[in-house]
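Each ligand, and each atom within it, is numbered from 1 in the order the structure gives. As the structure is a prediction and not an experimental result, all values here were calculated from the model.
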Amino acid sequence: MSNKAGTSQHSGTPGGPSAAVMATYARQDVVFERGEGSWLIDTDGHRYLDFGSGVAVNALGHAHPRLIAAVTEQAGKVWHTSNLYRVAGQEKLAERLAKVSFAERVFFCNSGAEACEGAIKTARRYQFVSGHPERCEIITFQGSFHGRTLATLAAAGNTKYLEGFGPDMPGFVWLPTGDRAAVEAAIGPTTAAIMIEPVQGEGGVRTIPAEDLKWLREITTKHGLLLVLDEVQTGMGRTGKLFAHEWAGITPDVMAVAKGIGGGFPIGAVLATAEAAKGMTAGTHGSTFGGNPLGTAVANAVLDVMLEPGFLDEVQQKASRLHQALARVKDEHPDLLLDIRGKGLLTGVRLAPPVGDVVKACMAEKLLTVGAGENVLRLLPPLNVTDAELSEAASRLSKALSHVAKASA
Ligand SMILES: *Cc1c(COP(=O)(O)O)cnc(C)c1O
């Protein structure tokens, strides 16, 4: 037993969060013990409706029987072998992802940031092997989020996250979204690629208009640049298509995927055309854990469910139900809920009161939500959420807003 101050002894945490965990997160004081579908149950037995999904990760909710079966079966065989050998589940997953997307080559890693890093490296390397080693700059956008590694922080250019971490990694040109003249002016002899999220999730659920994505596709092609999409949050069915760029009728050259692809198991992927991936030859990139047998077994099971006929149509139907329900909440609280945004089940509501207050008020109503930029509250239910749960979430949000209004009156 340790008597050190602040280190609690068990997961019930009566003494509050353990000081042994580096304090990089301002956490809610709750510990979840188990999950069932769209619900999480805490150590006191309280049931929470999970409209955060671990930040768009638990795409099929908690304890999905098909995912449990897949992980259990694989766990009894082999977990990890490294990438020094062929991995059957990885080859299967790559083939399947290629079949259902623009991609012809897939690299597996463990997180969104790592997928974005891999995408950045793929783009630079493409220019290098195409005879343009000078083309190493990537145009990125204000309000974006690409992860917490030094390169992905530099890519997103969010000064709040960069402060105190030494010199910015060079090689990124950071522009406002929707400013075509700025993009045209920024393209030069050292530009390698343009990188963007089709919907800026962390930035405030800001949908990039389809015509802007189409224009970025045209301008990148015209200048011999690669179009890199960060679909870490928007991908894997979240917007009602398998990938959000399908809404715009375009395809990228390179794409980063993570979050939902493992349904809660940490796995990420870089998808690319054969041409864009031509520089990624043996020895150029790697990941010890990336695409291991356990991770790819789960991701293959996630894909089994998502590719079933009608699955994505249902996501779209549920999204429109959620948007309708939220429109009613907006009618009830027009001064608090200012607008409803997003695509599919990547939904946000912009608020008048501080989003942190509303997240807490939702917690009190046993509804889990996630904050985002621009004072937006994200509602990210599992993609297999039920209609009843969508209505329930809207009614809990409405109650939470009433409490916030009362508290500030
Ligand atoms: C979450 C996220 C990332 C980073 O993913 P991690 O797994 O936290 O590294 C990158 N890009 C986007 C768009 C994200 O939403």
Side-chain angles (χ1 to χ4, degrees), residues 22 24-25 27 52-59 107-123 138 140-158 160-162 165 169 172 174 177 193-208 213 227-239 241-245 247 252 254-271 287 289-291 295 298-299 302 341-348 369-374 376-380 383:
M22 216 183 267
T24 58
Y25 280 95
R27 295 168 197 267
S53 299
V55 196
V57 166
N58 303 105
F107 174 85
F108 292 104
C109 52
N110 315 286
S111 68
E114 218 186 331
C116 289
E117 287 256 356
I120 291 164
K121 285 180 73 177
T122 301
I138 317 243
T140 57
F141 295 91
Q142 219 171 315
S144 61
F145 181 78
H146 301 300
R148 300 290 201 129
T149 63
L150 289 168
T152 55
L153 283 176
N158 187 331
K160 179 178 92 182
Y161 293 152
L162 280 162
F165 292 112
M169 195 183 149
F172 298 96
W174 192 53
T177 53
I194 297 180
M195 178 168 169
I196 193 165
E197 294 160 79
V199 182
Q200 295 184 323
E202 308 290 324
V205 193
R206 301 168 72 210
T207 303
I208 305 299
L213 289 175
L227 180 63
V228 178
L229 292 182
D230 178 353
E231 291 233 25
V232 168
Q233 190 159 161
T234 55
M236 302 312 293
R238 181 49 58 186
T239 69
K241 299 269 189 198
L242 194 58
F243 299 109
H245 64 260
W247 289 109
V254 184
M255 175 170 74
V257 172
K259 292 203 164 95
I261 189 173
F265 193 95
I267 175 168
V270 182
L271 280 68
S287 167
F289 293 120
V298 188
V302 169
R341 24 167 103 177
K343 202 132 193 87
L345 290 175
L346 174 44
T347 307
T369 58
V370 187
E374 297 194 339
V376 164
L377 182 80
R378 266 179 294 177
L379 297 161
L380 308 163
L383 304 183

Participant: Under 4.0 Å from a heavy atom of K259: which atoms of ligand 1 are those, numbered in the order shown and with their elements?
Facilitator: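 Within the 4.0 Å cut-off of K259, ligand 1 contributes 1 (C), 2 (C), 3 (C), 14 (C), 15 (O).
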
Participant: I need the atoms of ligand 1 closer than 4.0 Å to a non-hydrogen atom of G147, numbered in the order shown.
Facilitator: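 Close to G147: 4 (C), 10 (C).
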
Participant: Using a plain distance cutoff, I'd like to know if E114 has any nitrogen or oxygen under 3.5 Å from a nitrogen or oxygen of ligand 1.
Facilitator: no

Participant: For ligand 1, which atoms, with element, lie under 4.0 Å from some heavy atom of D230?
Facilitator: 10 (C), 11 (N), 12 (C), 13 (C)

Participant: If the threshold is 4.0 Å, N to carboxylate O, is there a salt bridge linking E202 and R378?
Facilitator: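 Looking at E202 and R378, the cut-off is met.
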
Participant: Quick one: does ligand 1 sit under 4.0 Å from the side chain of A258, the backbone, both or neither, non-hydrogen atoms only?
Facilitator: neither

Participant: Ignoring hydrogens, tell whether any protein atom lies closer than 4.0 Å to atom 8 (O) of ligand 1; use the non-hydrogen atoms only.
Facilitator: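 Within 4.0 Å of atom 8 (O) of ligand 1, no protein heavy atoms are found.
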
Participant: When I196 is tested against each of L213, D230, T140 for side chain to side chain contact (heavy atoms under 4.5 Å, CB included), which residue passes?
Facilitator: L213

Participant: Less than 4.5 Å apart, any side-chain heavy atom of F243 and any of P198?
Facilitator: no

Participant: Check ligand 1 against H146 and write out every atom of the ligand that is under 4.0 Å from a heavy-atom position of the residue.
Facilitator: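 Once the distances to H146 are compared, the set is 10 (C), 11 (N).
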
Participant: Show me which atoms of ligand 1 lie under 4.0 Å from any heavy atom of G112.
Facilitator: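 Answer, ordered by atom number: 4 (C), 5 (O), 6 (P), 7 (O), 9 (O).
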
Participant: Output the distance between atom CD (E374) and atom CZ (R341), rounded to the nearest 0.5 Å.
Facilitator: 5.0 Å

Participant: For the CE atom of M195 and the OG1 atom of T152, what is their distance to the nearest 0.5 Å?
Facilitator: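 Separation between the atoms: 7.5 Å.
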
Participant: What is the distance from atom CG of L153 to atom SG of C116, rounded to the nearest 0.5 Å?
Facilitator: 11.0 Å

Participant: Check ligand 1 against E197 and write out every atom of the ligand that is under 4.0 Å from a heavy-atom position of the residue.
Facilitator: 13 (C)

Participant: Can an N or O of V232 be found at a distance shorter than 3.5 Å from an N or O of ligand 1?
Facilitator: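 So ligand 1 has no N or O lying under 3.5 Å from an N or O of V232.
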
Participant: Provide the number and element of each atom of ligand 1 under 4.0 Å from a heavy atom of A113.
Facilitator: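 The atoms of ligand 1 under 4.0 Å from a heavy atom of A113 are 4 (C), 5 (O), 6 (P), 9 (O).
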
Participant: Which heavy atom in V376 sits nearest to a heavy atom in G204, and how many Å separate them?
Facilitator: CG2-O, 3.6 Å

Participant: Could you state the interatomic distance from OG1 (T24) to CZ (R148), rounded to the nearest 0.5 Å?
Facilitator: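 The distance works out to 8.0 Å.
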
Participant: Give the atom numbers and elements of ligand 1 that come within less than 4.0 Å of a heavy atom of S111.
Facilitator: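 Counting from 1, the qualifying ligand atoms are 7 (O), 9 (O).
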
